[in-house]
2 protein chains.
Amino acid sequence: MVEPVKKPTRKTDGFVANDTTLRTFVGYHMKRAFNVVQADLAKTLKPFELRMLTYTALVLIVDNPGLSQSQLADAMDVERPNLVVIVDELEQRELIVRQRVPTDRRAYALRVTLKGQHLFQQATDAVTAHEKALLGDIDTGAQDTMIATLIHIQSGGAKG
Amino acid sequence: MVEPVKKPTRKTDGFVANDTTLRTFVGYHMKRAFNVVQADLAKTLKPFELRMLTYTALVLIVDNPGLSQSQLADAMDVERPNLVVIVDELEQRELIVRQRVPTDRRAYALRVTLKGQHLFQQATDAVTAHEKALLGDIDTGAQDTMIATLIHIQSGGAKG
DNA sequence: TATTGTTATACTCTATAACTATA
DNA sequence: TATAGTTATAGAGTATAACAATA
């Protein structure tokens with residue numbers, strides 16, 4: 001059975017903030033919801049010794065074999081210098097390999113190993129189950145609308 | 001006129017990641033969307049010398065005059081030690097005051113000053129306008145559904 | 001010249017333990 | 001004994017500049 005993350009025990013009384021202004025403050029709700037999802041995700045990935053960043057990188061390499069570190073950084077919205085340590089970690093654990101590209105010897109082509117493929121499958125099964133449990137009692141249509149809207153925001157923020 | 005954040009210039013080719021696995025990975029979409037909103041927010045708040053954390057604290061103190069630091073930390077989902085520096089900053093800028101509570105001399109009651117009230121109003125006008133611009137071309141019903149779902153996730157993650 | 005990957009570095013946000021003063 | 005606020009500290013995540021190798 002999958003069990004959702006439980007909120008840490010707060011010793012404060014049952015204070016509920018007045019949300020007059022917060023009501024329309026989208027960033028606030030996004031941050032709080034992301035905190036919950038991120039905490040659940042961290043707990044789910046811990047047995048596999050993966051963090052959100054390393055898991056996301058692994059997913060992208062599995063689904064896009066041969067992509068470069070620049071492309072991966074772009075897809076992950078992470079600066080290239082910060083991606084180096086992530087790729088280092090996955091490589092040291094022999095989950096992926098860096099292959100020199102013959103046609104452009106500056107770049108690396110990233111690919112999963114068999115070991116990486118197996119870990120990816122196990123971790124993805126766990127993540128899928130946990131997210132399902134986390135969103136379980138939310139209307140499917142609302143879930144789809146939320147995801148579509150989140151994706152829309154990403155492109156919307158770009159076209160400035 | 002309000003102008004949305006523009007994506008930093010990426011020199012990578014038009015690589016678009018295959019989203020086979022990512023499609024159902026809610027945390028991924030939440031993080032990317034939050035990145036966009038957070039970047040827009042940071043830019044919006046910069047003229048007021050506020051960050052998301054200090055702005056959120058200011059909002060909560062305005063809407064909940066007299067609340068304690070513990071209650072504020074709870075409402076903001078921030079550990080109490082981390083809140084101290086946030087309250088320090090607002091107090092040093094004379095946007096809020098710490099008032100000793102006569103009935104419980106351990107606690108502080110937090111209240112905005114007139115200066116804080118003015119800055120809150122200006123910042124909130126700017127944030128509201130920017131978020132409106134950011135979500136402008138998204139269907140109003142979808143926006144409401146997303147926010148409701150984000151709020152639902154917060155309580156859903158707690159009931160474990 | 002420009003780009004890939006890299007190093008170094010700094011800054012923000014977050015998390016925990018332990019202290020003080022009050023209750 | 002427990003709580004409010006605090007200090008110190010360590011860990012993530014993020015952002016920028018500058019470098020070597022290659023294009």
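Letters A, B, ... are given to chains in the order of the sequence lines, protein chains preceding strands, and every chain is numbered from 1.
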Can you name the side-chain contact (heavy atoms from CB on, under 4.5 Å) partners of A:T20, sequence neighbours left out? A:N18, B:D63

Which whole-number value in Å describes the distance from [X] [atom1] to [N] [atom2]?
X: A:D77; N: D:dG13; atom1: CG; atom2: P; result: 15 Å
X: A:E79; N: C:dT9; atom1: CD; atom2: C1'; result: 15 Å
X: B:M76; N: D:dG5; atom1: CE; atom2: C1'; result: 16 Å
X: A:M52; N: C:dT14; atom1: CE; atom2: C1'; result: 16 Å
X: A:R100; N: D:dA21; atom1: CZ; atom2: P; result: 11 Å
X: B:L72; N: D:dT6; atom1: CG; atom2: P; result: 12 Å
X: B:N35; N: D:dT14; atom1: CG; atom2: P; result: 7 Å

Which one, [options], comes nearest to the side chain of [X]?
X: B:V78; options: C:dT7, C:dT14, C:dT22; value: C:dT14
X: B:V84; options: D:dA21, D:dT6, D:dG13; value: D:dT6
X: B:R51; options: C:dT14, D:dT6, C:dT12; value: C:dT12
X: A:R106; options: C:dA23, C:dT3, C:dT6; value: C:dT3
X: B:A107; options: C:dT6, D:dG5, D:dA23; value: D:dG5

Examine [N]: is either OP1 or OP2 under 4.0 Å from a nitrogen or oxygen in the side chain of [X]? Give yes or no.
X: A:Q69; N: C:dT6; answer: yes
X: A:S70; N: C:dG5; answer: yes
X: B:R80; N: D:dG5; answer: no

Between B:R80 and B:Q69, is any side-chain donor less than 3.5 angstrom from a side-chain acceptor?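 No - no donor-acceptor pair under 3.5 Å links their side chains.
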
If the helix axis at each end comes from five base pairs, how far does the helix from C:dT1-D:dA23 to C:dA23-D:dT1 deviate from straight, to 10°?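 Result, rounded to 10 degrees: 0°.
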
Under the rule for ring pair (Phe, Tyr, Trp, His ring centres under 6.0 Å), what residues qualify as partners of A:F25, not counting sequence neighbours?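 With sequence neighbours excluded, A:F25 shows a ring pair (Phe, Tyr, Trp, His ring centres under 6.0 Å) to B:Y55, given in chain and number order.
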
Return yes if some donor-acceptor pair links the side-chain N/O of B:Q143 with the main-chain N/O of B:L135 below 3.5 Å, else return no. yes

Just by modelled atom types, is the A:R105 backbone N or O under 3.5 Å from a matching donor or acceptor in the A:R100 side chain? yes

Can you tell whether the side chains of B:D88 and B:R93 come within less than 4.0 Å, N to carboxylate O? no

Given DNA chain C, 5'-ward residue of the pair A:N82 and A:D104, judged by closest heavy atom: A:D104

Verdict with reasoning, B:V127 to A:T24, per side chain to side chain contact (heavy atoms under 4.5 Å, CB included): CA-CA 10 Å; B:V127 167; A:T24 57; over 6 Å; no

Would you classify A:R98 as touching base, sugar-phosphate or nothing, given that sugar-phosphate means primed atoms plus P, OP1 and OP2, and contacts are heavy atoms under 4.0 Å?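 The answer is sugar-phosphate, as A:R98 gets under 4.0 Å only of primed atoms, P, OP1 or OP2.
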
What's A:L83 touching, base or sugar-phosphate or nothing? Going by heavy atoms closer than 4.0 Å.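 Counting heavy atoms under 4.0 Å across all strands, no contact is made by A:L83.
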
